[in-house]
> 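Quick one: the structure is below, and I'll ask about it shortly.
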Amino acid sequence: MNILVTGGAGYIGSHVVKQLLETTSYTIVVLDNLSTGSHQTLDSLGKVRDFKFIELDLKEFDSVNMILKENNIDTILHFAASIVVPESVENPLKYYLNNTVNTTNLINCAVENKVNKFIFSSTAAVYGEPTYLPLNGVDEEFLTKPINPYGMSKLMSEKVLEDTAKACSDFKYIIFRYFNVAGADVNYEDEQLKPRIGQSFPNATHLIKIASECACGKREKMAIFGNDFNTKDGTGVRDYIHVDDLANAHIKAMEYLENNSSDVFNIGYGQGYSVKEVIETMQTVTSVKFTVNSAPRRAGDPAALISDNTKIKTKMNWKPKYNNLELICKSSFEWEKR
Ligand code: UD1
């Protein structure tokens with residue numbers, strides 16, 4: 001198989017590329033504009049085994065088409081996207097162009113070049129701010145109602161995929177709606193746990209990344225956004241999933257599509273931790289008691305968002321290996337130190 005990975009130098013894409021290089025003999029072509037991805041990540045991946053890298057922005061439609069043709073691509077894993085929620089509110093067109101328009105063109109090129117498998121990274125942000133949280137978490141049938149252009153740009157891309165697959169019988173897709181992805185490369189051969197790749201995105205807003213920066217001394221302090229939510233300790237509750245478990249689902253998805261039809265899957269552990277619990281865990285595993293203040297709620301933050309992951313576990317037989325908040329925090333911290 002010849003696989004194209006867009007955004008393969010980024011956080012999630014690079015973990016998938018790592019697993020593809022380690023566990024398959026497929027030919028891998030990584031396409032990335034290096035706006036947030038890095039050469040260091042590509043260098044680390046190159047030590048696993050050879051792959052082809054093309055520096056290109058997906059808005060170069062003709063070049064994208066040519067790349068699919070010349071490399072005889074049969075599967076696309078599409079990660080390249082803009083992902084900062086507040087920025088999407090300030091600059092929605094960037095999100096509709098980078099995410100929805102570029103994805104639509106990529107799908108068009110895929111159909112033209114008879115690429116028959118397309119794996120798409122979507123987000124739990126498509127569910128917006130649920131008015132209630134079902135006992136077992138949010139399942140894939142839950143109302144989709146994004147509350148920001150980021151979530152909407154992803155939901156619109158989902159619709160383009162669904163409609164295209166309905167019209168083209170040999171085009172299949174898997175949509176993954178990610179919950180809160182965190183942690184870094186678990187290096188099996190090294191008991192010291194030294195991640196080779198991780199999240200390098202500048203000015204990150206994610207909780208575990210920020211807590212790791214505090215534990216490393218890169219940041220003086222952090223704040224808890226809201227302590228008056230209707231949750232176990234008043235702080236926001238989320239479903240944190242280790243990036244290597246998430247990456248593994250993408251490898252499974254390619255096998256799954258051989259004998260099954262297109263589908264959408266939530267991906268999370270189905271288990272919630274509060275902001276306080278996450279910060280305490282980070283402080284415990286690193287033995288660093290950094291300063292934590294209280295701050296008002298962040299606009300648009302739901303009290304709790306937890307996945308119902310029954311579908312991916314039963315239909316795709318996905319078996320997570322790193323459902324352990326300590327390991328997630330520790331690997332994130334070790335990466336941050338590097
Ligand atoms: C994040 C992403 C969203 C993505 C979703 C699912 C942002 C703003 N949101 O959502 O794009 O679709 O994951 O993968 O990038 N918190 C603090 N202090 C901090 C940082 C966060 O208290 O300094 C709290 C938040 O209020 C929230 C929780 O920690 O309750 C998690 O926040 P975050 O890591 O930013 O993720 P989400 O906003 O849930």
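We use all heavy atoms of the structure for the numbers below, so side chains are in, but hydrogens, waters and symmetry mates are not. Small disclaimer: the values here were computed from a predicted structure and weren't measured. Order of appearance sets the numbers: ligands from 1, and atoms from 1 within every ligand. Residues take their numbers from the sequence shown, with the count starting at 1.
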> Would you sort out whether F142 and Y132 count as a ring pair (Phe, Tyr, Trp, His ring centres under 6.0 Å), showing the intermediate values?
CA-CA 11 Å; F142 201 84; Y132 73 98; 5.5 Å; yes
> Among residues at least two apart in sequence or on other chains, which ones pass side-chain contact (heavy atoms from CB on, under 4.5 Å) with E255?
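Here the qualifying residues are I251.
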> Mind checking whether D245 and W318 have side chains closer than 4.5 Å, heavy atoms only?
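Counting from C-beta outward, D245 and W318 do come under 4.5 Å.
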> Can you list every salt bridge (charged side-chain N to carboxylate O under 4.0 Å, His left out) pair that touches residues 219-234, not counting sequence neighbours?
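Every pair satisfying salt bridge (charged side-chain N to carboxylate O under 4.0 Å, His left out) with a residue in residues 219-234: E213-R219, D228-R297, K232-E277.
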> For a quick check under 3.5 Å, do N260 and K315 share a side-chain donor-acceptor pair by atom type?
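Per modelled atom types, N260 and K315 side chains form no pair under 3.5 Å.
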> In a simple table, one pair per line, please give the protein and ligand 1 atom names for every N or O pair closer than 3.5 Å, along with the distance.
unit_1: ligand 1; atom_1: 12 (O); unit_2: T123; atom_2: OG1; d: 2.4
unit_1: ligand 1; atom_1: 14 (O); unit_2: F179; atom_2: O; d: 2.4
unit_1: ligand 1; atom_1: 15 (O); unit_2: T205; atom_2: OG1; d: 3.2
unit_1: ligand 1; atom_1: 15 (O); unit_2: H206; atom_2: NE2; d: 3.2
unit_1: ligand 1; atom_1: 18 (N); unit_2: A223; atom_2: O; d: 2.8
unit_1: ligand 1; atom_1: 22 (O); unit_2: F225; atom_2: N; d: 2.9
unit_1: ligand 1; atom_1: 26 (O); unit_2: D301; atom_2: OD2; d: 2.5
unit_1: ligand 1; atom_1: 32 (O); unit_2: R298; atom_2: NH2; d: 3.4
unit_1: ligand 1; atom_1: 34 (O); unit_2: L207; atom_2: N; d: 2.8
unit_1: ligand 1; atom_1: 35 (O); unit_2: T205; atom_2: O; d: 3.4
unit_1: ligand 1; atom_1: 35 (O); unit_2: R298; atom_2: NH1; d: 3.3
unit_1: ligand 1; atom_1: 35 (O); unit_2: R298; atom_2: NH2; d: 2.9
unit_1: ligand 1; atom_1: 36 (O); unit_2: N180; atom_2: ND2; d: 3.0
unit_1: ligand 1; atom_1: 38 (O); unit_2: R298; atom_2: NH2; d: 2.7
unit_1: ligand 1; atom_1: 39 (O); unit_2: N180; atom_2: ND2; d: 3.0
unit_1: ligand 1; atom_1: 39 (O); unit_2: R238; atom_2: NE; d: 2.6

> Using the side-chain contact (heavy atoms from CB on, under 4.5 Å) criterion, which residues pair with V84? Sequence neighbours excluded.
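P86, E87, Y95, F201.
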